[in-house]
Each structure stands twice: as C-alpha cells, then as structure tokens.
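One structure is given below, encoded as structure tokens.
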Amino acid sequence: MNRRISREVQIGNVTVGGNNPIAVQSMTNTDTMNTMATVEQTIRLVDKGCNIVRITASDEKSARNLYNIKNELIKRNYNVPLVADIHFNPKAAEISASLVEKIRINPGNYVDRKWNKDFSQQDYEDILKRAQDNISPLIDICKKHNTAIRIGVNHGSISERIVYRYGNTPLAMAESAMEFLRMFRQMDFLNIVVSMKASNVKVMNQANILLVEKMKEENLALPIHLGVTEAGNGEDGRIKSICGIGSLLACGIGDTIRVSLTEEPENEIPVAKLLTEAFSDIYENKEVSNQAKQIRDISNSARMLLEDKIDTESFEKNTCYDEELTKNILQATGKKVFKTEFIACPSCGRTKYDIQTALNRVKEKCSHLKGLKIAVMGCIVNGPGEMADADYGYIGCGSNKVNLYRKKELVHSYIDEEKAIDMLIDMIKEDGKW
Ligand code: SF4
C-alpha cells in the first residue's frame with residue numbers, strides 16, 4: 001500500500017499532507033462565549049495528543065471571542081492550531097479568518113437560492129458565480145493571514161442544486177467539493193484541506209475515493225481530512241469510525257482524522273491515535289503495537305467488505321473476531337443489520353442540552369428495535385439536515401427542550417425533555433414499529 005501524496009498545507013505549527021504524520025483533530029463542545037471552559041477543554045484535548053482543535057463560531061460574537069480563547073491558550077503555552085467551525089454565517093468566517101489558523105466551511109451553506117427544477121443551466125452557473133462573489137472576501141483575508149480553509153462537505157447538507165444534478169450520492173458530495181476547489185484555484189488559493197463526511201460508512205468511503213479520483217483528473221492533490229459524522233458513542237461509535245476512517249487509511253488516503261463520539265471530546269483522542277498508529281509503519285516507518293495492529297485488521301476487513309472483495313457469509317465464517325465485534329463490523333459497513341442504529345452528533349458549542357445523557361436514555365429504551373435508525377442530535381440548526389436518513393429524530397432545541405421528528409417531518413416541537421422519550425416511543429408505536 002502506498003500513501004497518496006498530497007500537497008502540504010500549513011495549519012499554524014502543524015503541517016498537514018505530504019509525508020507528514022496524520023494529524024489528529026477534535027472539537028470542543030463548550031459554549032464558545034465561555035472562554036475559560038473552552039480553553040480548559042482545548043488543553044485537555046492537546047494533553048491527550050490532539051494536534052488541531054476546532055471550535056464553533058456560530059455567530060459574529062463567538063467568532064470575535066476566538067481572539068480571547070487564542071490569547072489565553074498562548075498565555076498558558078498552548079500554541080495549538082485552532083479551526084473556526086462555520087455554518088451559514090459568512091461574516092463569522094471573515095472575522096475568524098484573521099484570528100485562527102483554519103476555517104471550516106460547508107459549501108452547501110454558500111448558495112443563496114433554493115433550487116427550483118425549472119432553473120436553467122445559466123441559473124446553475126449564476127448561483128455558482130454568486131457563491132464565488134460571496135466567498136471572495138474570505139479568501140482575501142485568508143491570503144493575508146495565511147489561514148487555511150477546510151472545505152467540509154457533509155452528506156446531510158449538500159445543496160439542493162447539486163442534489164438535483166447528481167442525486168443524494170457520494171458523487172454529489174465529491175462534486176460539491178470540486179466546484180469549490182475549481183473556484184478557489186481560479187482565485188489562486190490552494191491552502192485547502194477537504195473532507196467528505198457521512199454517517200453512513202459506505203457513503204463516506206465512496207465519496208472520498210471519488211474525490212481522490214476527481215482531484216487526480218484535474219491535477220489537484222489537496223490533503224484530505226477523514227471522519228464519520230454522527231457515529232454515536234461507545235463501542236458502536238468507535239467501530240463505525242474505525243471502519244470508515246481505517247478503510248481509507250488502508251488505501252493510503254487521509255492526512256488528518258477526527259473520530260467523532262457523543263462523549264467527552266477527550267475520549268476521541270485515544271481511538272484516533274490508535275488509528276494513526278495502526279498505519280504508522282507505512283506512513284511514518286514506526287513500530288506498531290498489538291492493539292494498533294488489531295485496529296489495522298479491522299480497517300482492512302472493513303475495506304474488503306466495502307469494496308465487495310469478501311462477501312458477508314465468508315467474512316462471518318472465516319473471521320477471527322469474537323461474535324460481537326463481527327456483528328459490529330458488519331453493521332458498521334452496512335452489510336447486515338443486527339440492532340437499532342443510533343446516529344448521534346458529537347455536539348459542539350451550539351448544543352444547549354445534555355446530549356450524552358439523552359443518547360444513553362434513548363439507547364436504553366430503543367435498543368431492541370432492530371433495523372430502525374434513530375438520530376439524537378445537538379441542535380436544530382444542523383441537526384435535522386445532518387441526521388441522515390434516520391427514521392426518527394430526537395433533537396435538542398434549547399435548555400431541556402427537544403423537537404421530535406418522523407423522518408424529516410417535525411412532529412412535536414419544543415417539548416420538555418422529561419416527556420420526550422415517552423412521546424418518541426408513542427410515535428414509534430403509532431407506526432407499528434415498537
Ligand atoms: S448537529 Fe451537533 S455537531 Fe452539528 S452543529 Fe449541531 S450540535 Fe454541533
């Protein structure tokens with residue numbers, strides 16, 4: 001296996017891509033306005049081995065507070081590169097770009113009109129042109145401050161315009177990134193990392209492979225950040241992340257990674273470190289521990305399953321894993337369903353309720369619903385879009401308040417959390433699925 005060699009991108013004191021070690025990232029889930037809580041969580045992440053820390057900048061005020069967070073970290077001798085996570089707010093991106101080392105934007109958020117099926121090719125191009133005009137002030141600031149950008153495509157929030165043309169597919173995800181890469185290249189800005197994230201491991205795997213092919217066709221070799229979104233918690237979340245991220249590292253793809261878990265962010269780092277170690281003899285010529293070798297075996301198994309190089313039956317028959325792990329790998333790769341699938345975001349500064357407890361409560365009550373997908377999400381801004389193709393959604397919308405969804409339909413809004421579980425169960429019973 002050869003590593004895909006990408007262009008080097010400097011993110012503060014960390015160089016990503018090229019022959020550099022795979023960088024481990026995570027994200028704070030504190031309120032960005034709470035400077036001390038965010039600084040302390042960042043420090044806990046760095047002390048565990050996190051190389052790059054992302055912080056949500058949901059509005060202009062929290063974007064400005066990145067200045068205080070950065071200063072406090074430097075005062076305490078933590079010069080870790082920070083990434084501002086931006087959704088729907090170009091102004092917050094522009095403010096953050098002069099304060100932190102990287103900005104993460106979602107191309108799906110940079111379109112200005114809802115797509116209408118009667119639009120022409122010219123309308124399509126006009127929308128793209130306006131996106132370029134909207135983003136150009138940000139690029140100027142990034143050039144001036146040497147700030148990198150991550151183009152972060154999420155399966156749950158591809159723009160309607162792209163979905164209309166390519167369907168809600170891995171190809172649509174790759175194209176969504178390529179449009180922006182072409183645009184950025186025209187603006188002479190290639191200080192970019194790209195990511196294709198999905199909660200579905202197969203979709204995430206295929207989108208990244210397509211992205212690599214498309215970049216190659218167009219002579220681009222930008223570094224890739226890997227992650228499975230809304231992977232949930234516990235063993236399920238870890239196996240899902242290992243299968244998604246590991247299956248690509250096993251192909252030589254990936255320059256930075258994040259294992260997203262609906263737990264304390266610090267818990268993500270040991271799993272991510274094991275994943276980077278699993279391939280470090282190839283990527284960095286280093287010894288690999290037995291535990292990391294097991295992670296590599298799981299990654300290779302996931303790759304074989306995802307690429308249909310081994311069928312489910314042979315895998316079950318010949319595997320050396322115990323029954324539980326075998327089932328988890330098959331479920332994570334979408335090959336066989338053994339239990340309820342829980343989709344849950346890791347939460348971030350936008351989360352205003354206790355998502356970790358909520359997820360555990362939902363799991364406790366609904367774990368017998370084999371075949372159902374239930375999402376537990378942290379906010380109503382991105383939660384409904386990002387909860388993938390879940391059958392039911394339990395989404396925090398304020399302090400101890402929840403919205404309940406059946407597929408994409410909002411069924412109960414702003415209900416007390418104490419009542420939410422029973423109401424969710426009633427919805428499932430009404431549908432005859434309990
Ligand atoms: S869905 Fe979760 S991780 Fe995404 S923005 Fe909302 S709270 Fe943050």
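Keep in mind it's a predicted model, so treat the numbers as computed, not measured. Ligands are counted one by one from 1 in listed order, and the atoms in each one are counted from 1 as well.
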Next on the checklist: Check contact between T351 and ligand 1, using heavy atoms of the residue and a distance below 4.0 angstrom.
Outcome noted: yes
**Report entry** R350 near ligand 1 by a heavy-atom separation under 4.0 Å
**Finding:** yes
| query | Do you see an N/O/S atom of C348, backbone or side chain, under 2.8 Å from atom 8 (Fe) of ligand 1? | reply | yes
For this session: Would you mind reporting whether E409 and V411 have side-chain heavy atoms less than 4.5 Å apart?
Result: yes
Is it true that atom [atom1] of [X] has more than 12 heavy atoms of other residues, nucleotides or ligands lying nearer than 6.0 Å?
| X | atom1 | result |
| --- | --- | --- |
| K216 | NZ | no |
| K407 | NZ | yes |
| Y67 | OH | no |

Per-atom filter on ligand 1: closer than 4.0 angstrom to a heavy atom of G378 are 2 (Fe), 7 (S)
Test side-chain contact (heavy atoms from CB on, under 4.5 Å), reference E230, set H155, M377, K240, output is M377
Starting from [atom], which protein heavy atom do you reach first, and at what distance in Å?
| atom | value |
| --- | --- |
| atom 2 (Fe) of ligand 1 | C345 SG, 2.4 Å |
| atom 6 (Fe) of ligand 1 | C379 SG, 2.3 Å |
| atom 4 (Fe) of ligand 1 | N382 CB, 4.1 Å |

Using atom types as modelled and distance alone, determine if a side-chain donor or acceptor of E72 lies under 3.5 Å from a backbone N or O of T35. no
